[in-house]
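Worksheet: one structure, shown below.
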Amino acid sequence: MTVALPMKTASVLLRTFGWRGLAQRAGFEARRRVSAFRPTPRPVAGPWAATALPNDWPFSPEAARVRDATDRKSAMERSIRVQGGQHHAYRWSWRQRPVASGDWLRNPDTGFVYSENVPWWRVPHYDARAGDIKDVWEPARFGWAYDLARGWLITRDDAFVDAFRDGVSSFLRASPPFHGPQWACGQETAIRAIAWLWAEGACADSTAFDDPFRRELLQALAWSGERIADAFAYAQSQRNNHGLSEATGLIAIGARLRDADPRATQWIEQGHRALDRMILDQIAADGWYIQHSFNYARVALDQLTIARRVLLTLGRDLSPRAKERVGALIDLIAVCMDPISGQLPNHGPNDGAYVLPLSTRPYRDFRPSLTGAAATFGVALPETIDPDLETLAWLRADAPAHVPVDRTPWVRTGSSGWAVGVTSGARIFVRAGGYWSRPGHIDPAHVDLRIDGQPVAIDAGTFRYSAPSPWNNGLVPIDVHNTVAITGLDAARRGPRFLWLSWPRARINTAVTRGDVVSIHMTNDSWRTEGIVHRRTCTLYPHGALIVDELDAPPDFDAPVHVQWLLEADASVQVAAENATVTDVSGDAPSVRGWTSVSYGVKPPGRSVRLTVR
């Protein structure tokens with residue numbers, strides 16, 4: 001079959017996916033059209049009961065150390081809540097978790113029930129009748145299994161392991177292998193399998209973890225490995241965390257089943273080979289992550305932490321170049337982190353993913369992931385960042401080394417177009433770069449600002465990828481970011497779903513310190529073909545900031561120009577301009593203006609201050 005594509009579309013697809021990705025995607029679509037995927041698992045006899053955990057198994061935490069490092073009160077509150085039938089959706093909202101088999105197929109918001117008989121490649125990911133499929137997938141990531149495992153490690157009460165066992169059995173009854181929504185995504189399958197491995201490793205000596213349950217779990221892991229391997233090319237074609245997650249899943253499942261399943265060694269090899277290549281593609285030399293998102297960068301970092309720890313137990317490792325890139329990502333996260341709260345700017349897409357919840361710290365606190373990655377890859381952390389002891393206990397790892405921090409003020413930049421500036425009482429993050437991969441949000445010359453430790457100017461996040469208008473990924477456009485927008489002129493042109501037909505262009509010109517201030521100057525070239533250039537200068541003082549925007553435009557230019565600032569509700573800002581209109585909105589009900597989304601599916605109101613001039 002020959003498909004003719006317009007030259008412009010073909011160019012965008014090539015730029016987005018690359019030759020390898022396009023070939024992988026074309027192969028996947030061809031197989032999907034003719035249903036050439038495995039509809040049922042291949043029979044493998046085991047021997048499941050004979051696969052005891054090795055002494056150096058990386059998914060076996062040190063129980064006594066976990067008990068000592070964990071805040072018992074908060075941990076037990078979580079564990080008891082999960083045992084009672086809840087889960088912490090997107091690490092933010094407590095919801096009822098599926099208990100009866102049918103609950104695993106039901107969207108909790110719309111009530112829509114997916115069929116358990118549809119092959120996974122026929123399950124629609126975007127169906128307005130069904131609602132957001134991520135709400136169906138979220139409890140099936142088994143993030144709540146870590147809470148039950150933690151409850152067992154602290155109390156040695158088999159009731160927590162019973163709850164995990166009942167959840168796995170209920171899930172498998174509702175989701176026969178390779179059918180229904182819970183097998184429709186390889187990344188979801190990998191995240192779930194790794195959660196099972198951690199729960200097994202933590203609770204292996206519980207009497208509730210008997211041979212029948214172990215056989216059931218190992219059989220499900222074998223199904224998971226086969227499912228991921230069958231369509232692994234699709235995940236790689238995405239050029240994002242899907243590929244990293246699935247490669248990590250193949251390595252971890254293969255390591256667990258290498259004495260029981262003849263395919264296990266092939267899965268390890270397949271995942272390892274692809275992982276090295278994807279790291280070099282997805283992490284830039286300055287540490288910037290390909291999805292232009294700190295939350296997705298954390299997903300990548302967590303998966304790479306797991307992958308390397310498993311590889312080392314197999315006598316394998318990542319290449320030196322790949323480890324160097326991961327080290328650069330660790331350094332970037334540390335530089336961008338507020339050391340007191342552990343928070344990073346809510347920059348770019350944020351789908352609530354938290355795939356390695358080894359700590360009871362809040363969702364926005366990145367210190368657990370940074371700790372685990374730094375300890376795993378041998379990267380030193382700034383002395384102002386305290387390591388997360390709970391994460392180290394689960395990983396049976398030593399704390400990473402510390403390095404002294406520069407005296408304020410200081411500024412750091414990266415060739416991908418990011419800068420961080422810090423004074424004695426303020427911190428600024430800016431993004432003004434080109435793109436070697438598709439944008440996540442349209443945010444050229446965007447600014448995040450913290451003053452005296454508190455967030456002031458913030459990024460909106462995501463809310464939902466799939467929802468009724470205007471909330472179908474509605475926090476992507478330029479006019480909800482802290483930058484300049486022009487009525488009638490797009491900084492980028494949107495295509496279907498997550499595809500962009502044209503990409504914004506911006507650059508950081510200078511970033512310097514002068515006395516006790518930081519000065520960053522950047523240029524937004526997204527409208528240069530129209531003869532318009534936006535220049536922005538950010539001056540960071542010890543306890544405040546001045547942001548100046550200038551627009552060069554042709555003499556006949558007369559479109560409205562907007563400068564928006566999305567602020568915390570109690571933030572203070574002064575706006576100065578002649579012949580301008582200023583509007584101040586908090587949580588505008590009919591639009592996406594004045595909203596924030598700190599995790600997926602939640603949107604508390606913020607404060608949008610918008611200045612409009614001609």
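Everything quoted here is computed from the prediction, not taken from an experiment. Scope of the values below: all heavy atoms of this structure, side chains included, with no hydrogens, waters or symmetry mates.
With sequence neighbours left out, the side chain to side chain donor-acceptor pair (under 3.5 Å) criterion links Tyr234 to no other residue. For His87, the side chain to side chain donor-acceptor pair (under 3.5 Å) test picks out no residue, with sequence neighbours left out. For Trp121, the ring pair (Phe, Tyr, Trp, His ring centres under 6.0 Å) partners two or more places apart in sequence, or in a different chain, are Phe37. Taking the ring pair (Phe, Tyr, Trp, His ring centres under 6.0 Å) definition, one finds that Trp137 meets it with His125, sequence neighbours left out.
For the pair Asp331 and Arg412, the salt-bridge criterion is not met [side-chain N within less than 4.0 Å of a carboxylate O]. The pair Arg321-Glu324 does not meet the salt-bridge criterion, since no charged nitrogen lies less than 4.0 angstrom from a carboxylate oxygen. Between Arg464 and Asp135, at least one side-chain nitrogen of the basic residue sits less than 4.0 Å from a carboxylate oxygen of the acidic one, meeting the salt-bridge criterion. The pair Lys134-Asp132 fails the salt-bridge criterion, with no side-chain N (NZ, NE, NH1 or NH2) lying under 4.0 Å from an Asp/Glu carboxylate O.
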Checklist entry - Can you check side-chain hydrogen bond (donor to acceptor under 3.5 Å, both in side chains) on Asn524 and Ser526, steps first, answer last? => result CA-CA 6 Å; Asn524 175 7; Ser526 300; 2.7 Å; yes

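Side-chain rings of His347 and His446 approach one another, their centers coming within less than 6.0 Å.
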Can you list, pair by pair, the side-chain donor-acceptor contacts under 3.5 Å of residues 514-523, counting residues two or more places apart and other chains?
{"from": "His521", "atom 1": "ND1", "to": "Asn509", "atom 2": "ND2", "distance (Å)": "2.9"}
{"from": "Thr523", "atom 1": "OG1", "to": "Asn509", "atom 2": "ND2", "distance (Å)": "2.7"}

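Proximity of a side-chain donor or acceptor of Tyr600 to a complementary backbone N or O of Tyr465 within less than 3.5 Å is detected. At least one donor-acceptor pair closer than 3.5 Å links the side chain of Ser597 to the backbone N or O of Val602.
Residue pairs meeting the salt bridge (charged side-chain N to carboxylate O under 4.0 Å, His left out) criterion with at least one member in residues 275-285, sequence neighbours excluded: Arg239-Asp281.
With Asp338 as the partner, the salt bridge (charged side-chain N to carboxylate O under 4.0 Å, His left out) test is satisfied by one option alone out of Arg364, Arg450, Arg367: Arg450.
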